[in-house]
Amino acid sequence: SEGTSLISAEFDGVSASMTAVTEAFAIADIELNARHLTIPLGDTFTLKFRMLYNDGTFSSWISYGLAGVGNASADGWYSENYRVADVNTYGVVTPASIGRSNISITVIDTGKGVSFTKSLTVTVSEAYVVDVYVAASPMFCGTSYSLGLMGVFFDGTESALKADSWSVSTPSV
């Protein structure tokens, strides 16, 4: 709990002590994993937040918006214009139409009664692919790999695509 305490120890007739001062666990701020987001139609992105505590440490990244961590709770993700970009409980942003929307989350320090809100602007762009490539690392025998089809969009951004089909020219290799 919050307060001051004297901690003492003794060994072989020699003693030592120190004064420990503790303060209540509190949230100092929150941070989002994106400051702004441009996302093409047909793609998704998972938003996450983390809490900065009064001792300078951070929580892990949290995607679910109805979190209850220690003395903190989140009110959930909120999209100002769900007709442009919707966001679910788990922070997954799904574009619905071209335009912009602000998405926010509020985290409440229930112990102190203080709330923190962070927002970002999501821009939904028209998605058309100008190039594709297969994302792969050097491959070694006897090891399984996950390949990904990447799309390069008109604005230079890249995103994973779902391939219609995959084929291998020499299956025995």
Side-chain angles (χ1 to χ4, degrees), residues 27-53 57-110 114-141 143-173:
I27 299 171
D29 201 1
I30 61 173
E31 178 181 29
L32 300 179
N33 66 329
R35 293 180 186 207
H36 53 82
L37 179 63
T38 299
I39 186 168
L41 281 170
D43 205 352
T44 60
F45 183 85
T46 302
L47 290 172
K48 296 177 183 180
F49 70 94
R50 68 181 180 174
M51 297 170 282
L52 169 64
Y53 300 117
T57 61
F58 283 95
S59 72
S60 58
W61 288 104
I62 302 167
S63 60
Y64 49 95
L66 299 175
V69 180
N71 62 334
S73 67
D75 279 350
W77 295 100
Y78 172 76
S79 177
E80 221 174 52
N81 188 349
Y82 64 89
R83 290 186 177 113
V84 170
D86 196 13
V87 61
N88 70 13
T89 302
Y90 297 97
V92 178
V93 178
T94 305
S97 64
I98 295 170
R100 290 181 184 213
S101 179
N102 288 324
I103 292 180
S104 61
I105 190 163
T106 299
V107 176
I108 302 162
D109 183 330
T110 54
V114 179
S115 64
F116 303 87
T117 300
K118 289 289 182 191
S119 300
L120 76 150
T121 300
V122 175
T123 302
V124 178
S125 63
E126 181 179 344
Y128 63 88
V129 177
V130 295
D131 194 15
V132 294
Y133 65 93
V134 175
S137 298
M139 301 176 101
F140 301 98
C141 294
T143 304
S144 297
Y145 292 90
S146 294
L147 299 177
L149 181 64
M150 298 297 293
V152 180
F153 292 87
F154 72 99
D155 61 358
T157 60
E158 296 182 8
S159 185
L161 300 174
K162 183 177 179 182
D164 294 329
S165 65
W166 289 90
S167 64
V168 178
S169 64
T170 312
S172 62
V173 174

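- For the pair Phe49 and Tyr64, the minimum side-chain heavy-atom distance is 4.5 Å or more.
- For Thr57, the side chain to side chain contact (heavy atoms under 4.5 Å, CB included) partners at least two apart in sequence or on another chain are Tyr53, Asp55.
- Side-chain contact between Trp77 and Ile103 is present, with heavy atoms from C-beta onward closer than 4.5 Å.
- Looking at residues two or more places apart in sequence or on another chain, you find a side chain to side chain contact (heavy atoms under 4.5 Å, CB included) between Ser97 and Val84.
- In this structure Ser79 satisfies the side chain to side chain donor-acceptor pair (under 3.5 Å) test together with Ser101, sequence neighbours excluded.
- Legend: salt bridge (charged side-chain N to carboxylate O under 4.0 Å, His left out) pairs involving residues 37-50, not counting sequence neighbours, sorted by first then second residue: Glu31-Arg50.
- Here the closest non-hydrogen pair linking Ser73 and Thr110 is OG-CG2, 3.8 Å.
- Between the OH atom in Tyr78 and the CD1 atom in Ile105 there is a gap of 14.0 Å [rounded to 0.5 Å].
- With a 4.5 Å cut-off on side-chain heavy atoms, Asp29 and Met51 do not count as touching.
- Applying the side chain to side chain donor-acceptor pair (under 3.5 Å) rule to Thr117 yields the partners Thr106; only residues at least two apart in sequence or on another chain are considered.
- Here Asn102 pairs with Glu80, Thr121 under the side chain to side chain donor-acceptor pair (under 3.5 Å) rule; sequence neighbours left out.
- Residues Trp166 and Val134 meet the side-chain proximity criterion, which asks for heavy atoms closer than 4.5 Å.
- For Ala34, the side chain to side chain contact (heavy atoms under 4.5 Å, CB included) test picks out Phe45, Leu47, Leu120, with sequence neighbours left out.
- Rounded to the nearest 0.5 angstrom, Thr94 OG1 and Leu41 CG are separated by 11.0 Å.
- One finds the CG atom of Asp109 at 4.5 Å from the CD1 atom of Ile27 (value rounded to the nearest 0.5 Å).
- From Leu32, atom CG reaches atom OG of Ser119 across 7.5 Å, with rounding to the nearest 0.5 Å.
- Val93 places none of its side-chain heavy atoms less than 4.5 Å from the side chain of Asp86.
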